[in-house]
Amino acid sequence: MKMNKTLLSAAVAVGLLSTSGVTHAAGFQLAEYSATGLGRAYAGEAAMADNAGAQWRNPAMLTYLEGTQVSVGAIYVDPNIDIEGTSGANTPANSEDFAHSAVIPNFYVSHKYSEKLAIGFAAGTNYGMETDLGKDFAGSNHGNEASVISMELNLNAAYQVLDNVSVGGGIRYVMAEGSFGATAAATLPVGTTLKYMEGDDTAWGWQVGTAWQINENNRLGFTYKSEVDLTLEGHAKGAAFDAVAAGVGGVGAIKPQYSGSMELALPATAELASFHQLTDTVAIHASVNWTNWSSFKELVADIPEFGPARTQDIKEENWEDNYRFAIGTTYQMTPKLALRSGIAYDTSAVSEEHRTATIPETDRTWLSIGAGYQWSEQLSLDAGFTYILAKDAKMLEDDAASAPFGGSFEGEVSGSIWLVGVQANYRF
(Lines give C-alpha, C1' and ligand atoms only; values in the text may rest on other atoms or scores of the structure.)
Protein backbone atom coordinates (compact mmCIF):
# COMPACT_ATOMS: atom_id res chain seq x y z
CA MET A 1 0.00 0.00 0.00
CA LYS A 2 1.16 3.55 -0.67
CA MET A 3 1.48 5.97 2.22
CA ASN A 4 -0.50 8.68 0.45
CA LYS A 5 -4.16 8.24 1.28
CA THR A 6 -6.75 7.80 4.14
CA LEU A 7 -8.52 4.99 5.88
CA LEU A 8 -9.47 2.25 3.42
CA SER A 9 -11.84 0.42 1.24
CA ALA A 10 -15.22 -0.82 2.40
CA ALA A 11 -14.77 -2.64 5.69
CA VAL A 12 -11.36 -1.18 6.32
CA ALA A 13 -13.32 1.60 7.95
CA VAL A 14 -15.04 -1.10 9.98
CA GLY A 15 -11.57 -2.17 11.00
CA LEU A 16 -10.69 1.28 12.24
CA LEU A 17 -13.83 1.37 14.24
CA SER A 18 -13.57 -2.24 15.23
CA THR A 19 -10.79 -1.39 17.60
CA SER A 20 -11.63 2.21 18.25
CA GLY A 21 -11.60 1.63 22.00
CA VAL A 22 -7.84 1.15 21.90
CA THR A 23 -7.12 4.58 20.48
CA HIS A 24 -6.60 7.55 22.71
CA ALA A 25 -9.53 9.85 22.03
CA ALA A 26 -13.09 9.08 20.98
CA GLY A 27 -13.64 6.89 17.95
CA PHE A 28 -10.38 6.35 16.09
CA GLN A 29 -9.01 9.80 16.88
CA LEU A 30 -5.55 10.53 18.21
CA ALA A 31 -5.06 13.50 20.53
CA GLU A 32 -1.27 13.24 20.70
CA TYR A 33 -0.02 16.25 18.79
CA SER A 34 2.77 17.42 21.15
CA ALA A 35 4.68 16.41 24.27
CA THR A 36 4.13 19.92 25.65
CA GLY A 37 0.35 19.46 25.77
CA LEU A 38 0.63 15.82 26.80
CA GLY A 39 1.99 16.87 30.20
CA ARG A 40 -1.22 18.76 30.98
CA ALA A 41 -3.67 16.22 29.46
CA TYR A 42 -4.19 18.65 26.56
CA ALA A 43 -6.12 21.02 28.79
CA GLY A 44 -6.71 24.49 27.38
CA GLU A 45 -4.86 23.82 24.12
CA ALA A 46 -6.86 26.26 21.97
CA ALA A 47 -5.75 29.07 24.31
CA MET A 48 -2.08 28.04 24.76
CA ALA A 49 0.93 29.45 22.89
CA ASP A 50 3.97 27.56 24.20
CA ASN A 51 5.67 26.94 20.85
CA ALA A 52 5.08 26.38 17.12
CA GLY A 53 2.90 23.33 17.90
CA ALA A 54 0.15 25.65 19.17
CA GLN A 55 -1.13 26.12 15.60
CA TRP A 56 -2.25 22.46 15.42
CA ARG A 57 -5.08 23.11 17.85
CA ASN A 58 -5.71 26.80 17.11
CA PRO A 59 -4.07 28.64 14.20
CA ALA A 60 -4.93 32.00 15.80
CA MET A 61 -2.27 31.34 18.45
CA LEU A 62 0.43 31.94 15.80
CA THR A 63 0.17 35.68 16.54
CA TYR A 64 1.47 35.02 20.07
CA LEU A 65 4.73 33.44 18.83
CA GLU A 66 7.67 35.78 18.23
CA GLY A 67 10.29 35.36 15.52
CA THR A 68 10.71 32.04 13.75
CA GLN A 69 10.15 28.91 15.82
CA VAL A 70 10.56 25.20 15.12
CA SER A 71 9.22 22.33 17.22
CA VAL A 72 9.88 18.64 16.63
CA GLY A 73 8.98 15.68 18.79
CA ALA A 74 7.40 12.27 19.16
CA ILE A 75 5.08 10.40 21.51
CA TYR A 76 5.42 6.70 22.27
CA VAL A 77 2.08 4.93 22.75
CA ASP A 78 1.86 1.63 24.62
CA PRO A 79 -1.72 0.31 24.79
CA ASN A 80 -2.50 -2.68 27.00
CA ILE A 81 -5.95 -3.82 25.92
CA ASP A 82 -7.54 -7.21 26.67
CA ILE A 83 -10.83 -8.73 25.65
CA GLU A 84 -12.63 -11.63 27.28
CA GLY A 85 -15.86 -13.29 26.25
CA THR A 86 -17.57 -16.23 24.62
CA SER A 87 -18.51 -17.04 21.06
CA GLY A 88 -21.09 -19.45 19.68
CA ALA A 89 -21.90 -22.24 22.14
CA ASN A 90 -19.98 -20.66 25.05
CA THR A 91 -16.59 -21.12 23.38
CA PRO A 92 -14.01 -18.93 25.21
CA ALA A 93 -13.02 -15.95 23.05
CA ASN A 94 -10.13 -14.08 24.62
CA SER A 95 -7.23 -11.97 23.38
CA GLU A 96 -4.56 -10.18 25.42
CA ASP A 97 -2.61 -7.06 24.53
CA PHE A 98 -4.07 -7.01 21.01
CA ALA A 99 -3.35 -3.33 20.27
CA HIS A 100 0.07 -2.53 18.87
CA SER A 101 2.41 0.11 20.27
CA ALA A 102 3.46 3.01 18.04
CA VAL A 103 5.53 6.19 17.82
CA ILE A 104 3.62 9.32 16.74
CA PRO A 105 5.93 12.05 15.36
CA ASN A 106 5.19 15.75 14.83
CA PHE A 107 6.87 18.79 13.24
CA TYR A 108 5.89 22.47 13.35
CA VAL A 109 7.26 25.78 12.05
CA SER A 110 5.94 29.27 12.80
CA HIS A 111 7.06 32.67 11.55
CA LYS A 112 5.99 36.14 12.73
CA TYR A 113 5.86 37.90 9.38
CA SER A 114 4.94 41.30 10.78
CA GLU A 115 3.60 42.81 13.97
CA LYS A 116 0.12 41.49 13.21
CA LEU A 117 0.59 38.67 10.67
CA ALA A 118 2.00 35.19 11.32
CA ILE A 119 2.21 32.03 9.22
CA GLY A 120 2.91 28.39 10.01
CA PHE A 121 3.33 24.84 8.76
CA ALA A 122 2.37 21.71 10.70
CA ALA A 123 2.77 17.96 10.17
CA GLY A 124 1.14 15.45 12.48
CA THR A 125 -1.75 13.01 12.70
CA ASN A 126 -5.31 12.93 14.00
CA TYR A 127 -6.11 9.27 13.31
CA GLY A 128 -4.29 5.97 13.73
CA MET A 129 -4.33 2.48 15.23
CA GLU A 130 -3.19 -1.10 14.73
CA THR A 131 -4.57 -4.26 16.31
CA ASP A 132 -4.30 -8.02 15.86
CA LEU A 133 -6.64 -10.33 17.77
CA GLY A 134 -5.14 -13.40 16.05
CA LYS A 135 -6.68 -16.02 13.79
CA ASP A 136 -7.28 -18.28 16.78
CA PHE A 137 -9.56 -15.71 18.43
CA ALA A 138 -12.95 -17.42 18.67
CA GLY A 139 -14.73 -14.23 17.65
CA SER A 140 -12.52 -13.63 14.61
CA ASN A 141 -15.54 -13.92 12.30
CA HIS A 142 -16.43 -10.40 13.49
CA GLY A 143 -12.91 -9.09 12.79
CA ASN A 144 -9.42 -10.09 13.86
CA GLU A 145 -7.04 -7.42 12.51
CA ALA A 146 -7.13 -3.76 11.60
CA SER A 147 -4.75 -0.88 11.00
CA VAL A 148 -4.72 2.71 9.87
CA ILE A 149 -1.73 5.00 9.34
CA SER A 150 -2.46 8.65 8.61
CA MET A 151 -0.64 11.94 8.25
CA GLU A 152 -1.93 15.49 8.01
CA LEU A 153 -0.17 18.56 6.62
CA ASN A 154 -1.40 22.07 7.49
CA LEU A 155 -0.66 25.51 6.06
CA ASN A 156 -1.85 28.13 8.54
CA ALA A 157 -2.01 31.91 8.89
CA ALA A 158 -3.17 34.25 11.65
CA TYR A 159 -3.86 37.96 11.94
CA GLN A 160 -4.29 40.25 14.95
CA VAL A 161 -7.45 42.12 14.02
CA LEU A 162 -7.64 44.06 17.31
CA ASP A 163 -5.20 44.66 20.12
CA ASN A 164 -6.79 41.78 22.03
CA VAL A 165 -8.33 39.63 19.29
CA SER A 166 -6.62 37.33 16.78
CA VAL A 167 -8.11 35.13 14.07
CA GLY A 168 -6.52 32.31 12.13
CA GLY A 169 -7.20 29.61 9.60
CA GLY A 170 -5.56 26.85 7.66
CA ILE A 171 -5.81 24.27 4.89
CA ARG A 172 -5.54 20.61 5.87
CA TYR A 173 -4.28 17.84 3.58
CA VAL A 174 -4.98 14.35 4.91
CA MET A 175 -3.18 11.18 3.73
CA ALA A 176 -3.61 7.66 5.07
CA GLU A 177 -3.77 3.94 4.43
CA GLY A 178 -5.44 1.08 6.28
CA SER A 179 -6.57 -2.52 6.31
CA PHE A 180 -9.14 -4.81 7.92
CA GLY A 181 -9.46 -8.58 8.15
CA ALA A 182 -11.87 -11.20 9.46
CA THR A 183 -11.43 -14.97 9.48
CA ALA A 184 -13.71 -17.96 10.01
CA ALA A 185 -13.95 -19.37 13.52
CA ALA A 186 -16.31 -22.18 12.48
CA THR A 187 -17.97 -23.88 9.46
CA LEU A 188 -15.01 -23.17 7.14
CA PRO A 189 -11.52 -24.24 8.25
CA VAL A 190 -10.52 -22.03 11.19
CA GLY A 191 -8.41 -19.14 9.93
CA THR A 192 -9.96 -19.02 6.44
CA THR A 193 -10.18 -15.41 5.28
CA LEU A 194 -13.77 -14.21 5.27
CA LYS A 195 -12.93 -10.59 4.50
CA TYR A 196 -9.67 -8.78 3.95
CA MET A 197 -9.61 -5.20 2.68
CA GLU A 198 -7.07 -2.50 2.22
CA GLY A 199 -7.08 0.86 0.55
CA ASP A 200 -6.18 4.52 0.70
CA ASP A 201 -7.31 8.03 -0.14
CA THR A 202 -6.37 11.68 0.19
CA ALA A 203 -8.66 14.55 1.11
CA TRP A 204 -8.73 18.26 1.93
CA GLY A 205 -10.15 20.01 4.96
CA TRP A 206 -9.88 23.32 6.75
CA GLN A 207 -9.69 24.82 10.22
CA VAL A 208 -10.37 28.22 11.78
CA GLY A 209 -9.72 29.67 15.21
CA THR A 210 -9.81 32.81 17.28
CA ALA A 211 -8.22 34.05 20.50
CA TRP A 212 -9.43 36.77 22.84
CA GLN A 213 -6.97 38.27 25.33
CA ILE A 214 -9.46 39.41 27.94
CA ASN A 215 -6.71 41.03 29.99
CA GLU A 216 -3.07 40.42 30.79
CA ASN A 217 -3.80 37.24 32.77
CA ASN A 218 -6.85 35.71 31.10
CA ARG A 219 -7.40 34.40 27.58
CA LEU A 220 -10.07 32.46 25.68
CA GLY A 221 -9.59 30.44 22.53
CA PHE A 222 -11.98 28.74 20.14
CA THR A 223 -11.21 26.52 17.16
CA TYR A 224 -13.17 24.48 14.62
CA LYS A 225 -11.95 21.76 12.24
CA SER A 226 -14.10 20.87 9.25
CA GLU A 227 -15.45 17.48 8.34
CA VAL A 228 -13.18 15.69 5.86
CA ASP A 229 -14.97 13.77 3.12
CA LEU A 230 -13.27 10.66 1.78
CA THR A 231 -13.90 8.24 -1.04
CA LEU A 232 -12.02 5.18 0.10
CA GLU A 233 -10.65 3.06 -2.74
CA GLY A 234 -8.84 -0.27 -2.61
CA HIS A 235 -9.43 -3.98 -2.96
CA ALA A 236 -11.29 -6.70 -1.10
CA LYS A 237 -10.94 -10.48 -0.99
CA GLY A 238 -12.19 -13.47 0.98
CA ALA A 239 -14.94 -16.07 1.13
CA ALA A 240 -17.68 -13.59 1.95
CA PHE A 241 -17.01 -11.57 -1.19
CA ASP A 242 -16.56 -14.71 -3.30
CA ALA A 243 -20.06 -15.79 -2.27
CA VAL A 244 -21.54 -12.50 -3.49
CA ALA A 245 -19.59 -12.71 -6.76
CA ALA A 246 -20.76 -16.30 -7.36
CA GLY A 247 -24.35 -15.37 -6.60
CA VAL A 248 -24.27 -12.54 -9.14
CA GLY A 249 -22.16 -13.98 -11.98
CA GLY A 250 -21.60 -17.63 -11.20
CA VAL A 251 -18.41 -19.44 -10.20
CA GLY A 252 -16.53 -17.79 -13.08
CA ALA A 253 -17.08 -14.37 -11.51
CA ILE A 254 -14.91 -15.24 -8.50
CA LYS A 255 -11.58 -13.38 -8.54
CA PRO A 256 -8.54 -13.22 -6.28
CA GLN A 257 -9.66 -9.70 -5.28
CA TYR A 258 -12.35 -7.13 -6.07
CA SER A 259 -12.10 -3.38 -6.48
CA GLY A 260 -14.29 -1.32 -4.19
CA SER A 261 -14.92 2.07 -2.62
CA MET A 262 -16.90 3.65 0.17
CA GLU A 263 -17.90 7.17 1.20
CA LEU A 264 -16.72 8.10 4.67
CA ALA A 265 -16.56 11.44 6.48
CA LEU A 266 -14.12 12.20 9.28
CA PRO A 267 -16.25 14.25 11.69
CA ALA A 268 -16.02 17.94 12.44
CA THR A 269 -14.52 18.95 15.80
CA ALA A 270 -14.52 22.07 17.98
CA GLU A 271 -12.73 23.23 21.12
CA LEU A 272 -13.41 26.02 23.63
CA ALA A 273 -10.46 26.70 25.93
CA SER A 274 -9.28 29.14 28.56
CA PHE A 275 -5.98 30.17 30.16
CA HIS A 276 -5.68 31.97 33.51
CA GLN A 277 -2.44 33.23 35.07
CA LEU A 278 -3.34 33.18 38.78
CA THR A 279 0.04 34.28 40.16
CA ASP A 280 3.50 34.93 38.79
CA THR A 281 4.23 31.19 38.99
CA VAL A 282 0.84 29.40 38.77
CA ALA A 283 -1.56 29.14 35.83
CA ILE A 284 -4.61 26.99 35.20
CA HIS A 285 -6.12 26.07 31.84
CA ALA A 286 -9.20 24.18 30.80
CA SER A 287 -11.03 23.04 27.68
CA VAL A 288 -14.14 21.36 26.34
CA ASN A 289 -13.89 19.45 23.06
CA TRP A 290 -16.74 18.27 20.84
CA THR A 291 -16.66 15.76 17.97
CA ASN A 292 -19.58 15.31 15.59
CA TRP A 293 -19.57 11.50 15.67
CA SER A 294 -23.37 11.47 15.28
CA SER A 295 -22.76 11.95 11.55
CA PHE A 296 -21.44 8.39 11.51
CA LYS A 297 -24.49 6.16 11.12
CA GLU A 298 -23.54 3.34 8.77
CA LEU A 299 -20.89 1.96 6.43
CA VAL A 300 -21.88 1.06 2.88
CA ALA A 301 -19.43 -0.36 0.33
CA ASP A 302 -19.68 0.02 -3.44
CA ILE A 303 -18.15 -2.89 -5.40
CA PRO A 304 -18.96 -2.31 -9.11
CA GLU A 305 -17.97 -5.87 -10.10
CA PHE A 306 -21.00 -7.18 -8.19
CA GLY A 307 -23.39 -5.48 -10.64
CA PRO A 308 -26.91 -5.26 -9.16
CA ALA A 309 -25.45 -6.20 -5.76
CA ARG A 310 -22.66 -3.60 -5.92
CA THR A 311 -23.96 -1.79 -2.82
CA GLN A 312 -23.10 -3.85 0.23
CA ASP A 313 -24.19 -2.87 3.73
CA ILE A 314 -21.13 -3.24 5.90
CA LYS A 315 -22.40 -2.23 9.31
CA GLU A 316 -24.91 -0.13 11.20
CA GLU A 317 -23.01 2.08 13.65
CA ASN A 318 -25.34 4.76 15.10
CA TRP A 319 -22.64 6.71 16.91
CA GLU A 320 -23.32 9.80 18.96
CA ASP A 321 -21.47 13.06 19.59
CA ASN A 322 -18.50 12.85 21.93
CA TYR A 323 -17.25 15.37 24.52
CA ARG A 324 -13.90 15.73 26.25
CA PHE A 325 -13.37 17.77 29.43
CA ALA A 326 -9.89 18.69 30.66
CA ILE A 327 -8.27 20.89 33.28
CA GLY A 328 -4.58 21.42 33.90
CA THR A 329 -2.00 23.50 35.75
CA THR A 330 1.41 24.98 35.00
CA TYR A 331 3.82 25.81 37.82
CA GLN A 332 6.91 27.87 36.98
CA MET A 333 9.14 26.31 39.61
CA THR A 334 12.26 28.24 38.53
CA PRO A 335 12.94 30.69 35.70
CA LYS A 336 14.09 27.70 33.63
CA LEU A 337 11.85 24.85 34.85
CA ALA A 338 8.06 24.58 34.40
CA LEU A 339 6.02 21.71 35.81
CA ARG A 340 2.71 20.66 34.27
CA SER A 341 -0.18 18.40 35.25
CA GLY A 342 -3.66 17.67 34.05
CA ILE A 343 -6.69 15.44 34.14
CA ALA A 344 -9.24 14.78 31.40
CA TYR A 345 -12.38 12.75 30.83
CA ASP A 346 -13.20 11.53 27.31
CA THR A 347 -16.75 10.26 26.83
CA SER A 348 -17.55 7.30 24.60
CA ALA A 349 -18.81 7.86 21.07
CA VAL A 350 -21.14 4.86 21.23
CA SER A 351 -23.88 3.98 23.70
CA GLU A 352 -24.15 0.68 25.53
CA GLU A 353 -27.06 -0.21 23.27
CA HIS A 354 -24.96 -0.06 20.10
CA ARG A 355 -21.57 -1.25 21.35
CA THR A 356 -20.46 -4.45 19.60
CA ALA A 357 -17.47 -6.75 19.40
CA THR A 358 -16.09 -4.70 16.54
CA ILE A 359 -16.34 -1.42 18.47
CA PRO A 360 -14.98 -1.66 22.05
CA GLU A 361 -15.41 2.11 22.38
CA THR A 362 -15.64 3.36 25.95
CA ASP A 363 -15.06 6.27 28.33
CA ARG A 364 -11.44 7.18 29.16
CA THR A 365 -9.78 9.05 32.03
CA TRP A 366 -6.44 10.82 31.48
CA LEU A 367 -3.87 11.48 34.24
CA SER A 368 -0.89 13.52 33.07
CA ILE A 369 2.33 15.12 34.29
CA GLY A 370 5.06 16.92 32.38
CA ALA A 371 7.87 19.43 32.47
CA GLY A 372 9.51 22.06 30.29
CA TYR A 373 13.11 23.19 30.58
CA GLN A 374 14.57 26.36 29.05
CA TRP A 375 17.98 25.06 28.04
CA SER A 376 19.09 28.37 26.52
CA GLU A 377 17.54 31.54 25.22
CA GLN A 378 16.77 29.77 21.94
CA LEU A 379 16.27 26.13 22.96
CA SER A 380 13.64 24.59 25.22
CA LEU A 381 12.86 20.93 25.91
CA ASP A 382 9.54 19.36 26.91
CA ALA A 383 8.53 15.96 28.22
CA GLY A 384 5.14 14.53 29.11
CA PHE A 385 3.73 11.34 30.60
CA THR A 386 0.12 10.17 30.61
CA TYR A 387 -1.75 7.17 31.93
CA ILE A 388 -5.15 6.53 30.34
CA LEU A 389 -7.60 4.27 32.11
CA ALA A 390 -10.33 2.88 29.84
CA LYS A 391 -13.64 2.02 31.45
CA ASP A 392 -14.56 -1.67 31.15
CA ALA A 393 -17.13 -2.05 28.39
CA LYS A 394 -19.50 -4.92 27.65
CA MET A 395 -20.51 -5.78 24.10
CA LEU A 396 -22.64 -8.16 22.05
CA GLU A 397 -22.25 -9.01 18.37
CA ASP A 398 -25.07 -11.07 16.88
CA ASP A 399 -25.33 -10.12 13.20
CA ALA A 400 -26.77 -12.74 10.87
CA ALA A 401 -24.06 -12.48 8.20
CA SER A 402 -21.13 -13.59 10.35
CA ALA A 403 -23.00 -15.88 12.75
CA PRO A 404 -22.61 -19.05 10.59
CA PHE A 405 -18.81 -18.70 10.74
CA GLY A 406 -18.44 -18.64 14.51
CA GLY A 407 -21.70 -17.59 16.09
CA SER A 408 -22.44 -14.51 18.15
CA PHE A 409 -19.86 -12.94 20.40
CA GLU A 410 -20.45 -11.57 23.89
CA GLY A 411 -17.65 -10.14 25.96
CA GLU A 412 -15.97 -7.27 27.75
CA VAL A 413 -12.96 -5.13 26.90
CA SER A 414 -10.64 -3.62 29.50
CA GLY A 415 -7.27 -1.99 29.56
CA SER A 416 -5.06 1.06 29.84
CA ILE A 417 -2.64 3.10 27.73
CA TRP A 418 0.75 4.64 28.58
CA LEU A 419 1.97 7.69 26.69
CA VAL A 420 5.48 9.15 26.87
CA GLY A 421 6.49 12.16 24.79
CA VAL A 422 9.55 14.36 24.21
CA GLN A 423 9.88 17.55 22.21
CA ALA A 424 12.52 20.14 21.31
CA ASN A 425 11.66 23.76 20.47
CA TYR A 426 14.04 26.25 18.90
CA ARG A 427 13.53 29.97 18.38
CA PHE A 428 15.56 31.92 15.83
Problem - Tyr113 atom OH: more than 12 heavy-atom contacts under 6.0 Å - result: no
Exercise for the section: Quick one: list whatever passes ring-ring contact (aromatic ring centres under 6.0 Å, His included) with Tyr258, sequence neighbours left out. Expected result: Phe306
Problem - Under 3.5 Å donor-acceptor, Thr63 side chain and Ala60 backbone - result: yes
Practice task
Using a strict cut-off of less than 4.0 Å between a Lys/Arg side-chain nitrogen and an Asp/Glu carboxylate oxygen, indicate whether Arg40 and Glu45 qualify as a salt bridge.
Solution key: yes
Practice task
Considering only NZ, NE, NH1 and NH2 on the basic side and carboxylate oxygens on the acidic side, decide whether Glu66 and Lys112 come within less than 4.0 Å.
Solution key: yes
Exercise for the section: Considering non-hydrogen atoms only, spot the tightest contact between Asp398 and Ser408 and give its length. Expected result: OD1-CB, 3.2 Å
Problem - Residue Glu96 excluded, over 12 heavy atoms near CD under 6.0 Å - result: no
Exercise for the section: Scan for salt bridge (charged side-chain N to carboxylate O under 4.0 Å, His left out) pairs involving residues 150-162, sequence neighbours excluded, and state none if there are none. Expected result: Glu152-Arg172
Practice task
For the pair Ser287 (side chain) and Gly44 (backbone), establish whether a donor and an acceptor sit closer than 3.5 Å, ignoring hydrogens and angles.
Solution key: yes
Exercise for the section: Compute whether any side-chain donor of one residue and acceptor of the other, for Thr231 and Ser261, lie under 3.5 angstrom apart. Expected result: no
Handout entry: CD1 (Ile171) with more than 12 external heavy atoms under 6.0 Å
Key = no
Exercise for the section: Of all the heavy-atom pairs spanning Pro59 and Gly168, show the shortest one and how long it is. Expected result: CG-C, 3.7 Å
Practice task
Report yes if some heavy atom in the side chain of Gln423 is under 4.5 Å from a heavy atom in the side chain of Asn51; otherwise report no.
Solution key: yes
Problem - Euclidean distance, Asp346 CG relative to Trp366 CH2, rounded to 0.5 Å - result: 7.0 Å
Handout entry: Ser348 side chain to Thr362 side chain, donor-acceptor N/O pair below 3.5 angstrom
Key = no
Do any side-chain atoms of residues 382-393 form donor-acceptor pairs under 3.5 angstrom with protein atoms, and if so which ones, sequence neighbours left out?
residue: Asp382; atom: OD1; partner: Arg340; partner atom: NH1; Å: 3.1
residue: Asp382; atom: OD1; partner: Arg340; partner atom: NH2; Å: 3.2
residue: Asp382; atom: OD2; partner: Thr36; partner atom: OG1; Å: 2.9
residue: Asp382; atom: OD2; partner: Asn425; partner atom: ND2; Å: 2.8
residue: Thr386; atom: OG1; partner: Leu38; partner atom: O; Å: 3.2
residue: Thr386; atom: OG1; partner: Ser368; partner atom: OG; Å: 2.6

Fill in the blank from the handout: Here the pair of heavy atoms bringing Leu62 nearest to Ser110 is CD2-CB, 3.5 Å
Problem - CG-CG distance between Leu194 and Asn141, expressed to the nearest 0.5 angstrom - result: 7.0 Å
Problem - Sidechain-backbone polar pair: His285 side chain, Ala326 backbone, donor-acceptor under 3.5 Å - result: no
Problem - Min side-chain heavy-atom separation Glu84-Val413 under 4.5 Å - result: no
Problem - Thr291 (side chain) donor-acceptor with Trp293 (main chain) under 3.5 angstrom - result: no
Practice task
Compute whether any side-chain donor of one residue and acceptor of the other, for Thr68 and His111, lie under 3.5 angstrom apart.
Solution key: yes
Exercise for the section: Say whether, by atom type as modelled, one donor and one acceptor occur between the side chain of Thr223 and the main chain of Arg57 under 3.5 angstrom. Expected result: yes
Handout entry: For Tyr224, ring-ring contact (aromatic ring centres under 6.0 Å, His included) partners two or more places apart
Key = Trp206
Practice task
Mind checking ring-ring contact (aromatic ring centres under 6.0 Å, His included) for Tyr426 and listing every partner two or more places apart, or none if nothing turns up?
Solution key: Phe428
Fill in the blank from the handout: Taken to the nearest 0.5 Å, the spacing of Ile343 CD1 from Thr365 OG1 works out to 6.5 Å
Exercise for the section: Check whether any side-chain N or O of Thr210 sits under 3.5 Å from a backbone N or O of Ser166 as a donor-acceptor pair, and report yes or no. Expected result: yes
Exercise for the section: Measure the OG-CD distance between Ser295 and Glu227 for me, rounded to the nearest 0.5 Å. Expected result: 5.0 Å
Practice task
Go through the steps for Val167 and Val208 under the test side chain to side chain contact (heavy atoms under 4.5 Å, CB included), then give the verdict.
Solution key: CA-CA 8 Å; Val167 296; Val208 295; over 6 Å; no
Practice task
Might you work through the side chain to side chain contact (heavy atoms under 4.5 Å, CB included) test for Lys135 and Ser140, ending with a clear yes or no?
Solution key: CA-CA 6 Å; Lys135 291 185 177 181; Ser140 64; 6.0 Å; no
Handout entry: Over-ring placement of Lys225 relative to Trp56, 6.0 Å and 45° cut-offs
Key = yes
Practice task
Looking only at non-hydrogen atoms, find the nearest pair between Ala52 and Leu65 and report the distance.
Solution key: CA-CD1, 3.8 Å
Exercise for the section: Answer yes or no: are there more than 12 heavy-atom neighbours, outside Asn215 itself, under 6.0 Å from its atom CG? Expected result: yes
Exercise for the section: Decide side chain to side chain contact (heavy atoms under 4.5 Å, CB included) for Glu412 and Met395; before the verdict, give the C-alpha distance in whole Å, the side-chain angles of both, and the deciding distance to 0.1 Å. Expected result: CA-CA 6 Å; Glu412 185 174 55; Met395 61 201 66; 5.8 Å; no
Practice task
Examine the side chains of Gln213 and Tyr64 and answer whether a donor and an acceptor come within less than 3.5 Å of each other.
Solution key: yes
Fill in the blank from the handout: To the nearest 0.5 Å, atom CD1 of Ile104 lies from atom CG of Leu419 at 7.5 Å
Practice task
Would you indicate whether the side-chain heavy atoms of Leu133 and Ile83 approach each other to under 4.5 Å?
Solution key: yes
Problem - Check against ring pair (Phe, Tyr, Trp, His ring centres under 6.0 Å), Phe137 and Phe409 - result: CA-CA 11 Å; Phe137 176 59; Phe409 170 77; 5.7 Å; yes
Problem - pair Ile214-Asn164: side-chain heavy atoms closer than 4.5 Å - result: no
Problem - Heavy-atom donor-acceptor pair, Asn322 side chain to Ala349 backbone, under 3.5 Å - result: no
Exercise for the section: May I ask you to decide if the ring planes of Tyr108 and Tyr33 are parallel, tilted or perpendicular, using 30° and 60° as cut-offs? Expected result: perpendicular
Exercise for the section: Determine the minimum heavy-atom distance between Gly209 and Asn58, stating which atoms define it. Expected result: CA-OD1, 3.2 Å
Practice task
Starting from the C-alpha separation in whole Å, work towards a yes-or-no answer on side chain to side chain contact (heavy atoms under 4.5 Å, CB included) for Trp212 and Phe222.
Solution key: CA-CA 9 Å; Trp212 174 31; Phe222 176 79; over 6 Å; no
Handout entry: No-hydrogen, no-angle side-chain donor-acceptor test under 3.5 Å, Gln207 and Asn156
Key = yes
Problem - Value rounded to 0.5 Å, distance of CG in Asp302 from CG in Leu232 - result: 11.5 Å
Problem - Pairwise side-chain contact, Tyr196 with Glu145, heavy-atom cut-off 4.5 Å (strictly under) - result: yes
Exercise for the section: May I ask you to decide if Ser34's main-chain N or O and Tyr42's side chain share a donor-acceptor pair within less than 3.5 Å? Expected result: yes
Problem - Side-chain heavy atoms of Trp204 within contact of Asp229, under 4.5 Å - result: no
Problem - Where at least one partner belongs to residues 419-428, residue pairs that pass salt bridge (charged side-chain N to carboxylate O under 4.0 Å, His left out), sequence neighbours excluded - result: none
Exercise for the section: Would you indicate whether the side-chain heavy atoms of Trp375 and Ser380 approach each other to under 4.5 Å? Expected result: no
Exercise for the section: Please report the shortest heavy-atom distance between Asn126 and Ser150, naming the atom on each side. Expected result: N-OG, 4.4 Å
Practice task
Using modelled atom types only, decide if a donor and an acceptor are shared between the side chain of Thr193 and the backbone of Lys195 within a distance under 3.5 Å.
Solution key: no
Exercise for the section: For the pair Thr347 (side chain) and Tyr323 (backbone), establish whether a donor and an acceptor sit closer than 3.5 Å, ignoring hydrogens and angles. Expected result: yes
